[in-house]
**Q** 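Just dropping this structure here.
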Amino acid sequence: MGSVFLPHLRTGWHVDQAIVTETERLVVIRFGRDWDKQCMIMDEMLYSIAEKVKNFAVIYLCDIDEVPDFNDMYELQDPMTVMFFYRNKHMMCDFGTGDNNKMNFLVDDKQELIDIIECIFRGTRKNKGLVTSPYDYNHRRVSEGGRAAV
């Protein structure tokens, strides 16, 4: 049900405006398909922490079929991708997966997800474009089938 309560960005313009206009908080956007199981699970996690991170992050959802504008630009081939932006800048995070541009795996612990968002936010305040995740997800490299390789 998380996807029902979190704001959806319905056009490319809305995505741009969310990224450009937020000047104080980290913008977290989940790109994917609303009907996808991984997206539904991540949406629940994001919704469950939205109130706790509202002072330093704002969370949005974007369906990549409804808004295909960013699929090539951000290489959105995975079933579910979470990206971070601050003051119109794409924020990168080293999760140990080899892809610093986005988080394309599920995080199933609320505190872990809060810690990641807070870590990226703290990095933005220090003018860092790349931060290191407080957790190592090397074991969660995404395989071709969309499942985490173990």
Side-chain angles (χ1 to χ4, degrees), residues 1-22 24-86 88-124 131 133-137 139-150:
M1 280 307 274
S3 65
V4 175
F5 299 108
L6 291 170
H8 278 71
L9 302 171
R10 301 284 182 197
T11 67
W13 183 84
H14 287 107
V15 174
D16 282 337
Q17 289 303 300
I19 293 169
V20 170
T21 59
E22 183 59 59
E24 297 302 317
R25 298 181 292 175
L26 185 69
V27 176
V28 180
I29 303 177
R30 190 276 294 147
F31 291 97
R33 295 174 177 89
D34 292 340
W35 52 264
D36 183 82
K37 184 178 179 179
Q38 283 189 6
C39 289
M40 287 191 256
I41 294 168
M42 183 56 85
D43 293 351
E44 286 296 320
M45 287 299 296
L46 291 168
Y47 174 68
S48 70
I49 66 161
E51 187 66 25
K52 294 177 178 133
V53 300
K54 71 179 181 181
N55 291 331
F56 58 91
V58 58
I59 300 169
Y60 295 104
L61 308 178
C62 182
D63 190 299
I64 59 174
D65 291 330
E66 190 177 333
V67 185
D69 309 31
F70 302 96
N71 294 357
D72 289 333
M73 183 189 314
Y74 296 139
E75 300 175 1
L76 301 174
Q77 290 98 17
D78 299 303
M80 186 277 310
T81 301
V82 178
M83 295 185 73
F84 309 92
F85 303 88
Y86 184 73
N88 198 25
K89 183 179 178 196
H90 174 222
M91 298 306 301
M92 295 185 290
C93 186
D94 182 359
F95 295 105
T97 62
D99 189 351
N100 296 342
N101 294 312
K102 55 195 169 199
M103 185 169 72
N104 54 9
F105 52 87
L106 290 173
V107 175
D108 53 6
D109 182 270
K110 292 177 188 179
Q111 190 57 52
E112 216 169 285
L113 192 54
I114 291 169
D115 291 346
I116 290 168
I117 293 171
E118 185 176 5
C119 175
I120 297 170
F121 176 72
R122 287 178 187 269
T124 65
V131 298
S133 169
Y135 304 95
D136 184 9
Y137 295 100
H139 63 283
R140 290 201 184 178
R141 291 178 188 239
V142 176
S143 65
E144 218 173 287
R147 291 197 168 119
V150 181

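These numbers come from a predicted model, not from an experiment.
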**Q** Would you call the rings of Phe84 and Phe95 parallel, tilted or perpendicular, taking 30° and 60° as the class edges?
**A**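 Because their plane-to-plane angle lies in the 30° to 60° range, the rings of Phe84 and Phe95 count as tilted.
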**Q** What's the separation between atom CG in Asp72 and atom CD in Gln77, rounded to the nearest 0.5 Å?
**A**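 Reported value, rounded in 0.5 Å steps: 7.5 Å.
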**Q** Is it the case that atom CD in Gln111 sees more than 12 heavy atoms from other parts of the structure closer than 6.0 Å?
**A**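 Above 12, so yes.
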**Q** For a 4.5 angstrom cut-off between non-hydrogen side-chain atoms, does Lys89 reach Thr124?
**A**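 Answer no - side chains too far apart.
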**Q** Report the relative orientation of the aromatic rings in Phe70 and Tyr74; use parallel for angles under 30°, tilted for 30 to 60°, perpendicular for over 60°.
**A**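 Answer is parallel, since the angle falls under 30°.
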**Q** Compare all side-chain heavy atoms of Leu113 with those of Leu46 and state whether any distance is below 4.5 angstrom.
**A**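 Yes. Closest side-chain heavy atoms under 4.5 Å.
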**Q** Just verifying a value: how many Å separate Asn104 CG and Met42 CE, rounded to the nearest 0.5 Å?
**A**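 Rounded to the nearest 0.5 Å, the CG-CE separation comes to 10.0 Å.
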**Q** Is a side-chain N or O of Lys102 found less than 3.5 angstrom from the main chain of Glu75, in a donor-acceptor match?
**A**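 Flag set: sc Lys102 to bb Glu75 pair under 3.5 Å.
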**Q** How far does CZ of Arg10 sit from CD of Glu66, to the nearest 0.5 angstrom?
**A**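 Nearest 0.5 Å value for the CZ-CD distance: 4.5 Å.
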**Q** With side-chain contact (heavy atoms from CB on, under 4.5 Å) as the test, would you mind laying out the steps for Asp69 and Asp16 before giving the verdict?
**A** CA-CA 10 Å; Asp69 309 31; Asp16 282 337; over 6 Å; no
**Q** Identify the two heavy atoms, one from Val27 and one from Ala18, that lie closest to each other, and give their separation to 0.1 Å.
**A**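 Scanning both residues, the minimum pair turns out to be CG2-O, 3.5 Å.
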**Q** Between His8 (side chain only) and Asp63 (backbone N and O only), is there a donor and an acceptor less than 3.5 Å apart?
**A**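 No, His8 side chain to Asp63 backbone: no donor-acceptor pair under 3.5 Å.
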**Q** Out of curiosity, Met80 CE to Leu106 CG, how far, rounded to the nearest 0.5 Å?
**A**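 The CG atom of Leu106 is 4.5 Å from CE of Met80, to the nearest 0.5 Å.
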**Q** Hey, does the side chain of Thr11 reach the backbone of His14 with a donor-acceptor pair shorter than 3.5 angstrom?
**A**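 Yes.
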**Q** Strictly distance-based, threshold 3.5 Å: is any side-chain N or O of Arg33 a donor or acceptor partner for the main-chain N or O of Cys39?
**A**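 Not at all, since once roles are kept as given, no pair shorter than 3.5 Å links the two residues.
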**Q** Start with the C-alpha distance between Met45 and Val107, add both sets of side-chain angles, then the distance that settles side-chain contact (heavy atoms from CB on, under 4.5 Å), and finish with yes or no.
**A** CA-CA 8 Å; Met45 287 299 296; Val107 175; 5.5 Å; no
**Q** I'd like to check Ile19 versus Ile29 (side-chain heavy atoms, cut-off strictly below 4.5 Å). Are they in contact?
**A**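 Yes, at least one pair of side-chain atoms sits under 4.5 Å.
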**Q** Show me the donor-acceptor pairs within less than 3.5 Å that the side chains of residues 55-62 make with the rest of the protein, sequence neighbours left out.
**A**
none

**Q** Could you give the distance from SG (Cys119) to CE (Met91), rounded to the nearest 0.5 Å?
**A**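 Going from SG on Cys119 over to CE on Met91, the span is 10.0 Å.
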**Q** Is a side-chain N or O of Asp94 found less than 3.5 angstrom from the main chain of Gly96, in a donor-acceptor match?
**A**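 Yes, because the side chain of Asp94 sits within donor-acceptor range (under 3.5 Å) of the backbone of Gly96.
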**Q** Step by step, would you call Asp43 with Val4 a side-chain contact (heavy atoms from CB on, under 4.5 Å)?
**A** CA-CA 9 Å; Asp43 293 351; Val4 175; over 6 Å; no
**Q** Which pair of non-hydrogen atoms, one from Phe31 and one from Met83, has the smallest distance, and what is that distance?
**A**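 Closest approach of Phe31 to Met83, heavy atoms only: CE1-SD, 3.9 Å.
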**Q** Just so I know, are the side chains of Thr81 and Ile64 near enough to count as touching, which here means a heavy-atom distance under 4.5 Å?
**A**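 They are not in contact (no side-chain heavy atoms under 4.5 Å apart), so the answer is no.
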**Q** Mind checking the CG-NZ spacing from Asp115 to Lys110? Nearest 0.5 Å is all I need.
**A**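 Here the rounded value is 14.0 Å.
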**Q** Do the side chains of Met103 and Phe105 get nearer than 4.5 Å, heavy atoms only?
**A**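 A side-chain contact exists here, since the closest heavy-atom pair is under 4.5 Å.
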**Q** I want to check something: taking the side chain as every heavy atom from C-beta on, are Ile120 and Tyr86 in contact at a cut-off of under 4.5 Å?
**A**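 They are not in side-chain contact.
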**Q** Kindly say whether Met92 contributes a backbone atom to a donor-acceptor pair with the side chain of Asn100 at under 3.5 angstrom?
**A**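 No: the side chain of Asn100 does not pair with the backbone of Met92.
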